[in-house]
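Here's the structure, in C-alpha cells; my notes come after.
Here the structure is a predicted model, which is why all the values come from computation and not from measurement. Proteins come first, then strands; the chains are lettered A, B, ... in the order of their sequence lines, and each starts at number 1.
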Amino acid sequence: MIKLRGWLLDVYDDEKEGVVLWLAGKDGRRHRFYQAFPATFYVGGPFPRLRELWRYLLSEPIPAVLSRTQRRDLFTGLVDVLAVQAPDPVSQNRLFWTVRGRFPDLDYYNADIPVALRYGAAHGLFPLAHCQVVAAEDGRVQAITPLDSRWDIDPSWPELRLLTIEPDVDPGHAEPTALIVKYEQKEKHIPLVPFRFLVIRLEACLKRYDPDLILTRWGDTWVFPYLLETCQKTGVACFNPNRDQGRQPREQEENSYYTYGQVIYRGRQVRLYGRWHIDERNAVMYGQYGLAGVFEQARVTGLPVQEVARKSPGAGITAMQMQVALREGVLVPYQKQQAESFKSAADLIRADRGGLVYQPLVGLHDNVAEIDFVSMYPSIMVHFNISPETVLSKSALAEPAQADLAPDGNKKIQFVPELGIPVDHSQIGLVPKTLKPLLARRIALKQRLAGLDSRDCRYGALKARSNALKWLLVVCFGYLGYKNARFGRIESHEAVTAYGREALLRAKEAAEDLGFTVLHMYVDGLWVRQEGKKTPADFQPLLQEVTARTGLPIALEGVYRWVAFLPSRLDKQVPVANRYFGYFQDGRLKMRGIEARRHDAPPFVAQTQMDMLKRMSQVPDGQPLAGCLFDLVLLLRRRLAELRAGRITPERLLVTQTLSRSLEAYRVPSPVARAVAQMEAAGKPTMKPGQRVRFLYTREAPGVWAWDLPGKPDPASVDVARYEALLLRAASALTEPLGLDESQLRAWVAGRATQSRFHFAMTGRRPAGAPVPAAWAFAQST
DNA sequence: TCCTCACGGGG
DNA sequence: GTGTACGTGAGGA
C-alpha cells in the first residue's frame, strides 16, 4: 500500500489502465499511477431511434452499460436520454465516433470532453493540484483526494525541473549543427553528428535530470521531428523524450486557422506523456503571459499544462464552462466541427451594434483623466446575469401563452436597454457562474499587484497570472456571440454590448453632471477634463458616481499631463476614434493607432517615433509642449541623414506583415504577396496563411526584398525615398497637434534653419526670452 | 477614384 | 479544439 502526497502533473487516458496519473511527490520523486475510469455519454432523440441505437450497442464488441435516464439540457430543460457508459475514456471515444457515424441524426452530449476535465471534475482535481493518493503497490489508485482548491491564490507548489533545448541557429534560415541543452547550471552543446552520440547524450540528460518541463525553441517544428524522423529513417538509435516510456510522443500536423478576424499559423506539434513540452516559438499565447500564466490557466481551467500553453484561451473558457455544466448536472452538447462559413448579408447589415464609439475632440489637451470600466464585458455578464440560457427571445414575451413569465411564475425578468430583450434573473446563468470566481480572482491579483513595486521579484509572475486571467475573461465574451460555441447565443452577445453602451452613456451623464467635459469615449473608457482638476483624488468622486449609477466598477487609468487626439489623415475635419497619444503624470506614455504600436511598421520608423514621444515627455509640466518642436526637427534631420548615409541596418528597415491567405488567393500584387512570390521563386517552402513575412522596400522591381531569401540584400538597392516618406508620415502624426503639419515638417527638416529662425517663423517673435504665445499652448477644444 | 489588404486589444 | 466586426489607412490599378 502506497500513501503519497504530491502535485498532479499529468492525466491522460489509456485503454488498458483507464487513466494514467503522474504526480510530483513530496518526496521529490515522480510517480506514475493508474485508475479505472468509466466514461459516460448521453444520446437524445426520438424513442424509436434510441431503441435502434440500444439494439445496435448490444451488438457492439465494446461492453457498454446502457440505461434510460433524464438530464437537463441548458436551453430546453429536462430531456429523456440514453446513457452509454463505456469502461474507459478510450473506448468511450471510439464508441461515440462509431455510433455517430451510424446515427448522425441524434443529439450527443458529454461525448467530447477532454479526459483530464472529466477526471478532474469527478475528483475535484486540476493540473498542479496538491493531493493525496492511496494506491496499491502496482500503482492502482484506491483513493485520490484534493488538498487545495483551484481558487487558492497562493497554493503550495512543487519544485519543478526545467530543461531547455534549442538548435544553435534558426532552422528556418540555416542548417543547425548542434543542439544546446540547458538544465540547472549546466549548458551543453551537442553536435548533431554522429546521430547516435546525439541521442545517447540527450537521453543521458533526460535520465539524469528527469525534467518535468522541456521548454524549447523550434521543438515542435524542428528539434523533435528531426530526432524522431532520423531515428526512424536510420534505425541507428531509438529516442523517446517521454517520461512514460511505454508511449510515443503525439504528433500533430501544422494548420492555419481563423480567429478574431485574423489568420493564425501554427506549426506542427509534438506533445509528450508524463512530462510537458512547450515550444515557445509555436505557442501562440505563451508570449503573452509566459510560464506563470500557463500554470495559472491550467489550474483555473483544468486543462493540462501542455494544452493551455498551446491552445487559445477560448479552449480554456470552454473547459471552465464544461466543468460548471458537469458539476451542475447540465448536459454538454457535442461540438460539431463546422467548416468555416462566411457571414450572411443579414449578419453584415446588423453592423455597428458593438461597443459605443465616440468622436474625440481633436487636438491637444492637458490634465485629462482616462477612466475605464474594469473588465467591462465580463462584469456586465456577471452583474446582469447574461448567459445564453438566461437571455430569452423577444417573442417569448409577446406570446400570451407564456404562463411561466407571468408574475405567478418564478421567472424574474429584466429587460436589456435599447433592445428590450428579456433576461431571466431567477437563477444564476452558466456563464456568470463560470466568470464570477475568475473575475474575483483577477481583482485579488490586481490588488496584490497594486501594493508591489514593479521591481519586486514577485511582480512579474503576478502580472503574468493576472494577464492570463484577463485573456480568459476577454475571450468569454467573444464566445457568447460565436454561433458554433456550445454555450453561445447571439442575443446574449448583443445584450452585453447593449448594457455596455448604456453604462458608457450613464458614465458620460455622471461626468457632465459633475461639471466635467467628456473629450472622448471608447467602448469601456472615457476621457474627461475639468479646469483646475488634475490629481487622482480630484477624480475619485466621479468614479464613485459612475459606479453608483451603473453598478459596474470603474477605475482611473491615469491622468494625462497631455494627450492628443488625431484627426483622420484623409480628412482633417474628421476625428478618428482610436488614434491618439499622451503622457501620464506617472511617467507612462500611451499611444494607439500610430506607427509605434503597429506590428507592420519598420523598427526604424517606430523607434524614431518613440524617441520623439520621449523627447516630448521631457517638456516640464506647465510649459508649452510645442517648445520642443525644434528639437524634434533636429532629431528627424539626424535620423534622415543616417538613413541616407546607409547607416541604418537593413534589419531595422524590415516591414513585417502577416500573410492573410495563400499566394494564389491574392488578387493584387501587394508588397507581401510580391515578397512571398519572390521566396517561392527562390525555392523556399511555401508560406502558409498566418505566417509572418519580413521584407525590405527596394528601388527596382519587384520593389521588395524578402528577408528570408538566401544571401544578403545590396544596401544600395534599399528604397531610401520610401523610408523617408514613412518616417515623415509617422513623425508628422506627433507634430501636427503641436501646429506643424506634414508639409511644414518636411520643409523644416529639409532646410538648414537654426533654432532662432525656426522660432521666429513659428511665433513671429524674436526668441530671446520671449514667452511662447497662447496659440502654442494647449488647444482646449476644437 | 476605386479596390484590396493589414491592423487593432496587451506589454 | 479556432471562431467579432468594423473603421482606418496604405498601396496598387
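- For the pair A:Y377 OH and C:dA5 P, the computed distance is 13 Å after rounding to whole Å.
- Of the candidate nucleotides C:dG9, B:dT4, B:dA6, B:dT4 has the atom lying nearest to any side-chain atom of A:R667.
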Scan the side chains in residues 581-592 of chain A for donor-acceptor partners under 3.5 Å anywhere in the protein, sequence neighbours excluded, and list what turns up.
from: A:Q585; atom 1: NE2; to: A:K534; atom 2: O; distance (Å): 2.8
from: A:D586; atom 1: OD1; to: A:R588; atom 2: N; distance (Å): 3.1
from: A:D586; atom 1: OD1; to: A:R588; atom 2: NE; distance (Å): 3.3
from: A:D586; atom 1: OD2; to: A:R588; atom 2: NE; distance (Å): 3.0
from: A:D586; atom 1: OD2; to: A:R588; atom 2: NH2; distance (Å): 3.2
from: A:R588; atom 1: NH1; to: A:E557; atom 2: OE2; distance (Å): 3.4
from: A:R588; atom 1: NH2; to: A:E557; atom 2: O; distance (Å): 2.8
from: A:K590; atom 1: NZ; to: A:E370; atom 2: OE1; distance (Å): 3.2
from: A:K590; atom 1: NZ; to: A:E370; atom 2: OE2; distance (Å): 3.0

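- Here the two rings, on A:Y334 and A:F41, have centers that are 6.0 Å apart or farther.
- A sub-4.0 Å separation between OP1 or OP2 of C:dG1 and a side-chain N or O of A:T318 is absent.
- Rounded to whole angstrom, the span from the CG atom of A:D571 across to the P atom of C:dA10 amounts to 14 Å.
- Rounded to an integer number of Å, the gap from CZ of A:R694 to C1' of B:dA6 is 18 Å.
- As rounded to whole Å, 8 Å separates atom P of B:dG9 from atom OH of A:Y522.
- Between A:D719 atom CG and C:dG12 atom P there is a gap of 10 Å when expressed in whole angstrom units.
- Look at OH on A:Y697: it is 11 Å from P on C:dA10, rounded to the nearest Å.
- Closest to the side chain of A:K311, out of B:dG10, C:dG1, C:dG12, is C:dG1.
- Partners of A:K614 according to the side chain to side chain donor-acceptor pair (under 3.5 Å) rule, which considers only residues two or more places apart in sequence or in another chain, do not exist here.
- Between A:W705 and A:W707, the angle of the ring planes goes over 60°, which puts this pair in the perpendicular group of the 30/60° scheme.
- Using a 4.0 Å cut-off, no side-chain N or O of A:Y666 falls inside it from OP1 or OP2 of C:dG11.
- With C1' as the reference atom, C:dT8 and B:dG9 are 16 Å apart, rounded to whole Å.
- Residue A:P114 is classed as having no contact, given no heavy-atom separation below 4.0 Å to the nucleic acid.
- Within a heavy-atom distance below 4.0 Å of DNA chain B, the residues of residues 581-601 of chain A found are A:R592, A:R597, A:R598, A:H599, A:D600.
- Within the 4.0 Å cut-off from OP1 or OP2 of C:dG12, at least one side-chain nitrogen or oxygen of A:R674 is found.
- Contacts of A:T656 with the nucleic acid, taken as non-hydrogen atoms under 4.0 Å apart, involve only primed sugar atoms and P, OP1 or OP2.
- Residue A:R729 has its side chain nearest to C:dG11 when only C:dG11, C:dT8, B:dA6 are considered.
- Remark: P of C:dT8 and NZ of A:K572 are 17 Å apart, rounded to the nearest angstrom.
- Side-chain proximity of A:S660 to B:dA6, C:dA10, B:dG11: nearest is B:dA6.
- Taking 4.0 angstrom as the limit, A:T658 places a side-chain polar atom (N or O) nearer than this to OP1 or OP2 of B:dC7.
- Residue A:N578 places no side-chain N or O under 4.0 Å from the OP1 or OP2 atom of B:dC7.
- Between the C1' atom of B:dC7 and the CG atom of A:L659 lies a distance of 15 Å, rounded to the nearest Å.
- Listed by first and then second residue, the salt bridge (charged side-chain N to carboxylate O under 4.0 Å, His left out) pairs involving residues 717-728 of chain A are A:R644-A:E724 (not counting sequence neighbours).
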Got a list of side-chain donor-acceptor pairs under 3.5 Å for residues 662-669 of chain A, not counting sequence neighbours?
from: A:S662; atom 1: OG; to: A:E664; atom 2: OE1; distance (Å): 3.4
from: A:Y666; atom 1: OH; to: A:S660; atom 2: N; distance (Å): 3.3

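- The side chain of A:K470 has B:dG10 as its nearest neighbour among C:dA13, B:dG10, C:dG9.
- Looking at the side chain of A:R579, the nearest of the listed nucleotides B:dC5, B:dG9, C:dT8 is C:dT8.
- Closest to the side chain of A:Q657, out of C:dG9, B:dA6, B:dT4, is B:dA6.
- Within the structure, salt bridge (charged side-chain N to carboxylate O under 4.0 Å, His left out) contacts touching residues 462-481 of chain A (residues at least two apart or in different chains) are A:E296-A:R465.
- You'll find the ring centres of A:Y377 and A:F477 inside the 6.0 Å limit.
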